[in-house]
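Letters A, B, ... mirror the listed sequences (proteins, then strands); counts begin at 1. Worth knowing before you read on, the calculation uses all heavy atoms, side chains too, and leaves out hydrogens, waters and symmetry mates.
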Amino acid sequence: MFDIRLLRENEAHLREACAAKRATVDLDRLIELDQKRRDLTRRINDLNTERNTASKSIGQKIKAGEDAEAAKAAVRRLGEEIAAAEEAQRAVNADFEALALTVPNPPHATTPVGRGEEDNQVVGHWGEKPAFAFTPKPHWELGETLGILDLPRATKIAGSGFYVLRGAGARLERALINWFIDVHVREFGCVEVLPPHLVNSPTMTGTGQLPKMADDMYRVEGEDFWLIPTAEVPVTNLYAGEIIEGERLPIYHCAFTPCFRKEAGSYGKEVRGITRVHQFDKVEIVKFVRPEASYDEHERLLRQAQTLLERLGLAYRTVLLCSADISFAAAKCYDLEVWAPGMDRWLEVSSCSNFEDFQARRAGIRYRPGAKEKPAFLHTLNGSGLALPRTVIALLETYQQKDGTIVVPEVLRPFMGCEVIK
RNA sequence: GGAGAGGUGUCCGAGUGGUCGAUGGAGCUCGCCUCGAAAGCGAGUGAGGGCAUUGCGUCCCUCCGUGGGUUCGAAUCCCACCCUCUCCGCCA
């Protein structure tokens, strides 16, 4: 949820923000609804005052043994008036809420304004693309030959867009998950969380997936359950509706969960291998911080994710997303793209976003800045650390040898129990 | 899934139609006392919105799981749903 005061006081700024995000929102109607809503609220407030005092006097009359029927009738009419006003208010509120939920978070000043993916800015590179004395193979060939990736059977039991790992492949994914979490917990002060993978609609609305992304998510038939598209959803909503004491901030969480996405409309590209699938594992970092600290925290979040790729020895680049390409709820976002030599392309393995108070407003997550101070909305951030299948892809393709075996990076060997996958 | 009990403020816990945003206790904050602390005493201690802000608001509205309903008036009565607990069933 954006700040409604922004609309009242700085309409032009919000219009620019919507344009930068290439969102078409009927702000005129929103302003109109806001005005109506406030008028009705004031009117109902006044009517309630009237009714409250009248009702009290009726009580006194009855106690005194006087006849109160005339007064009762008058208040009954007042009650009808209030009911009508409340009915109108409900309708206006529903319209207002529905429309307000479609207003995107304005981009931060440091987010470049752009029209699309092509306007994203590469702001950093790390590592060299590996050189091979042979033609590097794509992960699906490596995986099949080694017997660690089984796409045909995944398709048989679930459908296209799913994968089955086996043997060292399954172990590799689990090794990465464990190592990621260990690093986040031991070195970056995260508290590990293992949340539900199904959540309800208010939770999906809190982080901004609903209403906009409804068609991209899986839903349980006949019940109010959605399959999470990222751990961001359950973890951020952990504190929904709560007021956190200021001294508890910042709070850092990390969580491993599967992520479920329909990826509708993506057929035709990225269909080979496991770059775009309906279910994938991810370790996510979620931060709850004081507003004044959020952009420092954002940079540190980025470093946290980068650290993982660097220790794995995988070449990557850092991309600052432009206003048109960042998500609906984000104010600023960096993507980390890892080099996959077999596919000869960059793959997004992490997205580190600052949502400022956008999600906090929607989900009602507040903090008390200091003793006796009024609660205020805190800032939320999250970043992948990291998405699994694509990390596995980069790893297989980067560390492949001429004979098709894979060298296991140093940091994973304790978790893998071997130095080479063969 | 079936039967029963219950959901009230930071926590415990009263309240079964009217002045209850809510008794009481604990906790916390401040003050007194003390060399200091404890005890004791006194005061304060939820959120949102409106209005006001020529001081700091003796001002108004809303919120007692959620949503409806009855009533002049509901934390209190009725209905639905959600959640928690106990027992039974089932099960990893």
Subject >> A/A71 vs A/R38, nearer the 5' end of RNA chain B by closest nucleotide >> reply: A/R38
**OP:** Return yes if some donor-acceptor pair links the side-chain N/O of A/H278 with the main-chain N/O of A/R261 below 3.5 Å, else return no.
**Re:** yes
Subject >> Nearest-Å distance for atom pair NZ/C1', residues A/K72 and B/rU71 >> reply: 8 Å
Subject >> Rounded distance in Å between the C1' positions of B/rC32 and B/rA39 >> reply: 14 Å
**OP:** Would you indicate, yes or no, if B/rG67 has its OP1 or OP2 atom less than 4.0 angstrom from a side-chain nitrogen or oxygen of A/R90?
**Re:** no
**OP:** Establish, with yes or no, whether the OP1 or OP2 oxygen of B/rC61 is under 4.0 angstrom from a side-chain nitrogen or oxygen of A/N52.
**Re:** yes
Subject >> Side-chain touch A/S201/A/M204, heavy atoms, less than 4.5 angstrom >> reply: no
Original post:
Charged N to carboxylate O below 4.0 Å: is that the case for A/R77 and A/E80?
Top reply: no
**OP:** Mind calculating the distance between CD1 (A/I4) and C1' (B/rG50) to the nearest angstrom?
**Re:** 16 Å
**OP:** With side chain to side chain contact (heavy atoms under 4.5 Å, CB included) as the test, would you mind laying out the steps for A/N178 and A/F256 before giving the verdict?
**Re:** CA-CA 9 Å; A/N178 284 330; A/F256 154 68; over 6 Å; no
**OP:** Counting heavy atoms from C-beta on, name the nucleotide in B/rC61, B/rA47, B/rC72 closest to the side chain of A/S55.
**Re:** B/rC72
Subject >> Atom C1', compared across B/rC11 and B/rG1: separation rounded to whole Å >> reply: 35 Å
Original post:
Taking the same atom, C1', in B/rG65 and in B/rU8, what whole-Å distance lies between them?
Top reply: 10 Å
**OP:** Please state the P separation for the pair B/rC59 and B/rG21 - nearest whole angstrom.
**Re:** 13 Å
Original post:
Given that both distances must come in under 3.5 Å, which nucleotide forms a Watson-Crick or G-U wobble pair with B/rC56?
Top reply: none
**OP:** Measure the distance from CD on A/E245 to P on B/rA47 and round it to the nearest whole Å.
**Re:** 10 Å
Subject >> Salt bridge present between A/K61 and A/E69 (N-O < 4.0 angstrom) >> reply: no
Subject >> Closest nucleotide among B/rC61, B/rC72, B/rA47 to the A/T49 side chain >> reply: B/rC61
**OP:** Using atom CZ of A/F96 as one end and atom P of B/rG49 as the other, report the distance to the nearest whole Å.
**Re:** 13 Å
Subject >> Distance, P atom - from B/rG46 to B/rU23, rounded to whole angstrom >> reply: 12 Å
**OP:** With C1' as the reference atom in both, quote the distance from B/rG57 to B/rU16 in angstrom, rounded to an integer.
**Re:** 36 Å
**OP:** May I ask which nucleotide in the shown strands pairs with B/rU70, Watson-Crick or G-U wobble, both distances under 3.5 Å?
**Re:** none
**OP:** Considering just the side-chain nitrogens and oxygens of A/R368, establish if one lies under 4.0 Å of OP1 or OP2 belonging to B/rG46.
**Re:** no
Original post:
For A/G79 and A/I44, take the nucleotide of RNA chain B holding the closest heavy atom to each; which residue's nucleotide lies nearer the 5' end?
Top reply: A/I44
Original post:
Within the structure shown, what part of the strands sits under 4.0 Å from A/E69 by heavy-atom distance: base, sugar-phosphate, or nothing?
Top reply: nothing
Original post:
Looking only at atom P, what distance separates B/rC60 and B/rU19, rounded to whole Å?
Top reply: 14 Å
Original post:
Does A/R42 put a side-chain nitrogen or oxygen below 4.0 Å from OP1 or OP2 of B/rC61?
Top reply: no
Subject >> Opposite nucleotide pairing with B/rU76, Watson-Crick or G-U, both atom distances under 3.5 Å >> reply: none
Original post:
For A/L47 and B/rG49, what is the distance between atoms CG and C1' respectively, to the nearest whole Å?
Top reply: 16 Å
**OP:** Write down the distance between CG (A/L40) and C1' (B/rC61), rounded to a whole number of angstrom.
**Re:** 14 Å
Subject >> side-chain N/O A/K374 vs B/rA47 OP1/OP2, d < 4.0 Å >> reply: no
**OP:** Provide the distance between the two C1' atoms, one in B/rG17 and one in B/rA74, to the nearest whole Å.
**Re:** 6 Å
Original post:
How long is the line joining CG of A/D46 and C1' of B/rG50, in whole Å?
Top reply: 9 Å
Original post:
Does B/rG42 pair with anything, Watson-Crick or G-U wobble, both distances under 3.5 Å, and if so, with which nucleotide?
Top reply: B/rC30
Original post:
So do A/S384 and A/V349 actually touch side chain to side chain, heavy atoms under 4.5 Å?
Top reply: no
Subject >> G-U wobble or Watson-Crick pairing nucleotide for B/rA5 (cut-off 3.5 Å, both distances) >> reply: B/rU84
Subject >> Polar side chain donor-acceptor pair, A/Q359 to A/R362, under 3.5 angstrom >> reply: no
**OP:** Grab the NZ-C1' distance between A/K61 and B/rG18 for me, whole Å please.
**Re:** 15 Å
